[in-house]
Visitor: 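For reference, the structure I am asking about is given below.
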Amino acid sequence: MTTLTITGGKTSILPGRGGFFGQLSDAFWRHPKLLLFLMLTPPLLWLGIIYIGSLIALLLQSFFSIDDFSGLVNYEFTLSTYAQLLSPTNFDIIIRTVVMSALVTIAAAFIAFPIAYYAARYAQGKWKALFYLGVMLPLWSSYLVKIYAWKLILAKEGILTWIFEKLHLSWLLDAILNLPVIGGNSLSVSYLGTFIVFVYIWLPYMILPTQAALERVPGNLIEASADLGATPRQTFRTVLLPLALPGIVAGSIFTFSLTLGDYIIPQIIGSSRLFIGQAVYAQQGTAGNVPLAAAFSVVPIVIMALYLSLARKLGAFDAL
């Protein structure tokens, strides 16, 4: 038995398909938009309800306030909760987090560039495979395991202190720990230790986009620059860096945003001064101040929206 089908104004004879699944397949073939609709509906519902819906609920919560007497949420529109973000304590938390995120991003870029450049220009065959393995291998281990491992490494009784002692450089470590702001009793309870762990954890997210951008730089451009008399420094500044910048900015999106919202690393390694993630956790879980926690959560969203708009102008999305 055959079926007469009209598609796009043309008539074709197709063999009929029996059974429910055969008829369903024929229906999808005749109406491809129906198949597309059914395939996109579940992820769009998940994105719209679970993700965007939760963000909208979070935003709405930030416009409420806490009654000082009863401690209950006052469901009346107000900007007083956002005004609390400008208090010295809360504003210091925001500045501290943004500065740490920026420093981690800059340090990761400086460390990642030579590694990515070597992999893009010189590594071949098994060496390139070894490069990818070395970059990706830390991502295969548990996030918490890596942080607690660094906690032991940076502790006063850890291997890093032991190495400084064996090299008779304990005075140097003590001088670093005595520095204001970044120092502490040991590296494991200092901002410097938090910075080191942040850079280690997020470094692969900077290396890979940078390496991908450098892979796309034509080698003849570098050779032409040298033939025209440019020094290696001039070639780097005028040819290599501008072409690799979208990849660096793409990597910075990951390092900056992940540092901006992380609360586990500062909770385990670092001083008692809070970051935004810790403030959200403390206000929502311990203090029960959900509106203030929501207002703190909006801060990284706004910062990343501005950052992504700048990254888009720099062509970072093409390097992702």
Visitor: Can you sort out the partners of Leu228 under side chain to side chain contact (heavy atoms under 4.5 Å, CB included), two or more places apart, ordered by chain and number?
Guide: none
Visitor: Can you give each donor-acceptor pair under 3.5 Å made by side-chain atoms of residues 112-130, sequence neighbours left out, with the distance rounded to 0.1 Å?
Guide:
from, atom 1, to, atom 2, distance (Å)
Arg121, NH1, Val217, O, 3.1
Lys128, NZ, Ala119, O, 3.3
Lys128, NZ, Glu215, OE2, 2.5

Visitor: Side chains of Trp150 and Ile269, heavy atoms from C-beta outward: is any pair under 4.5 Å?
Guide: yes
Visitor: Shortest non-hydrogen contact from Thr105 to Ser252?
Guide: CG2-CB, 3.4 Å
Visitor: Which atoms form the tightest heavy-atom contact between Val98 and Phe256, and what is the distance?
Guide: O-CE1, 4.2 Å
Visitor: Is there any side chain to side chain donor-acceptor pair (under 3.5 Å) pair reaching into residues 76-95, and which pairs are they, with sequence neighbours excluded?
Guide: Ser62-Tyr82, Thr78-Ser80, Ser87-Asn90
Visitor: I'd like to check Thr97 versus Leu274 (side-chain heavy atoms, cut-off strictly below 4.5 Å). Are they in contact?
Guide: no
Visitor: Name all pairs fulfilling the ring pair (Phe, Tyr, Trp, His ring centres under 6.0 Å) condition that reach into residues 91-111, sequence neighbours left out, sorted by first residue then second.
Guide: none
Visitor: Hey, are the side chains of Phe275 and Leu260 touching, using non-hydrogen atoms and a 4.5 Å cut-off?
Guide: no
Visitor: State whether the side chain of Thr161 and the backbone N or O of Lys156 hold a donor-acceptor pair below 3.5 Å, judged by distance alone.
Guide: yes
Visitor: Among Val197, Ile147, Thr194, which one satisfies side-chain contact (heavy atoms from CB on, under 4.5 Å) with Ile268?
Guide: Ile147
Visitor: Residues two or more places apart in sequence or in another chain: which of them pass side chain to side chain donor-acceptor pair (under 3.5 Å) with Ser65?
Guide: none
Visitor: Name the atoms and distances for all side-chain donor-acceptor pairs under 3.5 Å in residues 162-181, with sequence neighbours left out.
Guide:
from, atom 1, to, atom 2, distance (Å)
Trp171, NE1, His168, O, 3.3
Asn178, ND2, Asp174, O, 2.9

Visitor: Looking at side-chain heavy atoms only, is the closest gap between Phe195 and Leu187 below 4.5 Å?
Guide: no
Visitor: Without swapping roles, check the side chain of Lys146 against the backbone of Pro138 for a donor-acceptor pair under 3.5 Å.
Guide: yes
Visitor: Find out whether Ile264 and Leu144 are in side-chain contact, i.e. whether some heavy atom of one side chain is under 4.5 Å from a heavy atom of the other.
Guide: yes
Visitor: Under 6.0 Å from the OH atom of Tyr143, do we count more than 12 heavy atoms belonging to anything else shown?
Guide: yes
Visitor: Does Ser257 reach the main-chain N or O of Phe254 with its side chain, forming a donor-acceptor pair under 3.5 Å?
Guide: yes
Visitor: Does one hydrophobic cluster hold both Ile265 and Leu203, with members joined at side-chain heavy-atom distances below 4.5 Å?
Guide: yes
Visitor: Evaluate whether atom OH of Tyr191 has more than 12 neighbouring non-hydrogen atoms of other residues, nucleotides or ligands under 6.0 angstrom away.
Guide: yes
Visitor: Find out whether Leu208 and Tyr132 are in side-chain contact, i.e. whether some heavy atom of one side chain is under 4.5 Å from a heavy atom of the other.
Guide: yes
Visitor: Check whether Thr259 reaches the backbone of Thr255 with its side chain - one donor and one acceptor, N or O, closer than 3.5 Å.
Guide: yes
Visitor: Between Ser225 (side chain) and Leu221 (backbone), is there a donor-acceptor pair under 3.5 Å?
Guide: no
